[in-house]
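Have a look at the structure below before the remarks.
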Amino acid sequence: MSEHDATSPRSFAVIGAGYVGLVSAVGLARMGHRIELVETNPDRLVALRNGLVPFTELGVQEALTAALASGAVTVLDHTSRTSAEIVLICVGTPIDDQGHADVSAVEAVLADLAMMETHPIIVVRSTMPVGTSQRLLRDGHVRDEARFFTVPEFLAQGTALADFAKPTRVVIGRSPMSDRAAEAVLVEVFGAFGGPLRLVSLEEAELIKNGANAFLALKISFANEMAGLAERSGADVGPVLEAVGLDPRIGSTYLRPSFGFGGSCLPKELQTIATSGQERGLEMHVTAAAHLANIAHQERFAERIEAILGGVKGRRIGVLGLAFKAGTDDIRSSPAVRLAGWLLEHGAEVHAYDPAAAGHAARTLPDLIVAGTAVDAVTGADVAVIATEWPEFRALDWASVKDTMATPLVIDGRRLLDPTVMRELGFRYERVGSPTSEAAGVPLR
Ligand code: UDX
């Protein structure tokens, strides 16, 4: 038992070893629980059986190594092999172009569980659009409604373990006919992490998760729209949003402008919440517009690069960063990958570097030239574009980098670098949220 321990040890099966599943598994193991981690994807299974985390996430490799060594986590290849008291369903629920979530992986796990002789408490942690749990119950996917719960996970990639250990809130969704003993077990297990506890209906739990992600996306969309307006108004958006956010009713978080946001949750949640409302006869003006705005911001940034260069065809462009944000190798809905794809489509020669995500991006974009270092990516380039806010790009020796570039031009999609320093070094430096400089000083080839 660890020093965190405040509950009786329980046995869990965690189905799906993605970010949510694997982080839940090692996070629960640290609380003294025993976990059977079930993964059916052959590549992930091989990695896990070799003790390896199949993605990049701070601290998870060390936590998994410790949990496997102590026997707290064991790896299984099928749900039917579990004998756990509590099953956490953490499988993917991707959406299609129309914003409909595919919950077939959840249904498949429920079908396996329904065949088993054991009678575990079932907890869905996968994100599902509002109304999904009720549909699963109605359509007979769940054997025992009383032992069916949803406990949404609010972790962010890059800080997933810390977020899991210290949740901002614990939300438990349950049916009106829930088994009170099962509910008490979940309150004990998840309540032990601290944070305000909310016992709500199944649809309320779904809507809390959908709503929290969509609201974060709205805030960033607003910041990015303000960045565009600042660019065209001769203002810098930095001090503007800083002062706007000083109002505690607004707050300063999630107001960091970029050329668009990505990841597996925020873009998806805007679409699912808009679709959920539209299916119920609501127009969902705000969330639907924010989704379109996010696409438009990304296009506008690409077009700005094109305008500054006077066309991208035949230009050599160094793209720094491919992950959807720093601290992860995830490229799902990555604005950086979309930008690299746009530049390639428009005839540019794109050399890109990312400390974690380059392999995934290269598989998506076969014409991308993957560089081994940031300096290699921008050597000989007509422009360096900062697309992901990895700290190592800030730490680059930009004075030396300048000598390797064909043109000392940096366009910063993340507002990562200091404009004064860059201009003193002799760069033409442009960034999201600041007007394009008039006196460029640096001739473009
Ligand atoms: C998000 C939520 O934060 C988390 O609570 C939920 O459980 C899953 O979705 P994640 O997708 O890991 O987590 O990333 P997050 O850190 O929220 O960033 C999402 C995107 O927004 C990234 O592309 C990031 O670069 C961008 N972003 C974030 C901004 O552009 N500006 C900001 O101020 C914050």
Side-chain angles (χ1 to χ4, degrees), residues 18-21 23-24 27 55-58 60 90 92-93 95 125-128 150-164 166-171 195 205-206 208-228 237-238 241-242 244-245 250-273 290-291 293-295 297-298 301 321-339 354 356-357 386-391 393 412-416 431-433:
Y19 290 93
V20 171
V23 169
S24 298
F55 50 79
T56 301
E57 179 62 43
L58 184 69
V60 177
C90 304
T93 52
I95 60 162
R125 304 217 87 191
S126 308
T127 301
M128 302 196 297
T150 59
V151 181
E153 174 53 62
F154 299 99
L155 60 81
Q157 289 170 226
T159 54
L161 263 187
D163 295 343
F164 184 87
K166 205 169 179 300
T168 45
R169 67 287 213 196
V170 172
V171 174
E206 289 164 344
I208 289 166
K209 172 70 182 175
N210 300 161
N213 276 345
F215 190 78
L216 294 175
L218 290 182
K219 277 192 94 174
I220 308 167
S221 301
F222 177 77
N224 291 346
E225 195 149 285
M226 290 293 284
V237 78
L241 287 175
E242 198 264 337
V244 168
I250 297 170
S252 57
T253 54
Y254 277 74
L255 281 184
R256 209 175 59 243
S258 59
F259 64 101
F261 58 85
S264 65
C265 292
L266 265 45
K268 161 179 155 173
E269 213 72 275
L270 275 180
Q271 279 180 279
T272 48
I273 210 164
H291 167 63
N294 189 36
I295 295 167
H297 294 145
Q298 294 177 54
F301 184 63
L322 293 160
F324 82 91
K325 66 174 185 179
T328 180
D329 61 345
D330 199 336
I331 59 161
R332 284 176 288 178
S333 297
S334 169
V337 170
R338 191 174 290 163
L339 174 67
D354 188 286
I386 313 270
T388 308
E389 76 286 19
W390 288 101
F393 301 150
D412 189 345
R414 294 291 196 154
R415 297 174 62 85
L416 187 70
R431 65 176 180 178
V432 157

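FYI, the numbering just counts along the sequence from 1. In each ligand, atom 1 is the first atom listed, and ligand 1 is the first ligand listed.
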Got a second to check how far Asn224's CG is from His297's NE2, nearest 0.5 Å?
->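 Nearest 0.5 Å value for the CG-NE2 distance: 5.5 Å.
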Residues two or more places apart in sequence or in another chain: which of them pass side-chain contact (heavy atoms from CB on, under 4.5 Å) with Ala323?
->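 Ala323 satisfies side-chain contact (heavy atoms from CB on, under 4.5 Å) with Thr328, Asp354, Ala357, Thr388, Trp390 only.
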Contact residues of ligand 1 (heavy atom under 4.0 Å), by chain and number |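 Only Glu153, Phe154, Leu155, Ala156, Gln157, Lys209, Asn213, Leu216, Ile220, Tyr254, Leu255, Arg256, Ser258, Phe261, Gly262, Cys265, Leu266, Phe324, Lys325, Arg414 have heavy atoms that fall under 4.0 Å of ligand 1, ordered by chain and number.
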Output every pair passing side chain to side chain donor-acceptor pair (under 3.5 Å) with a member in residues 255-267, not counting sequence neighbours, ordered by first then second residue.
->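 Residue pairs with at least one partner in residues 255-267: there are none.
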Is the side chain of Lys268 donor-acceptor paired with the backbone N or O of Thr93 at a distance under 3.5 Å, no angle test?
->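 Such a contact is found between Lys268 side chain and Thr93 backbone.
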Mark yes or no for whether Arg415, through its side chain, and Val432, through its backbone, hold a donor-acceptor pair below 3.5 Å.
->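 Answer holds: yes.
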Got a list of side-chain donor-acceptor pairs under 3.5 Å for residues 211-223, not counting sequence neighbours?
unit_1	atom_1	unit_2	atom_2	d
Asn213	ND2	Glu269	OE2	2.9
Lys219	NZ	Ile250	O	3.1
Lys219	NZ	Thr253	O	2.8
Ser221	OG	Ala217	O	2.7

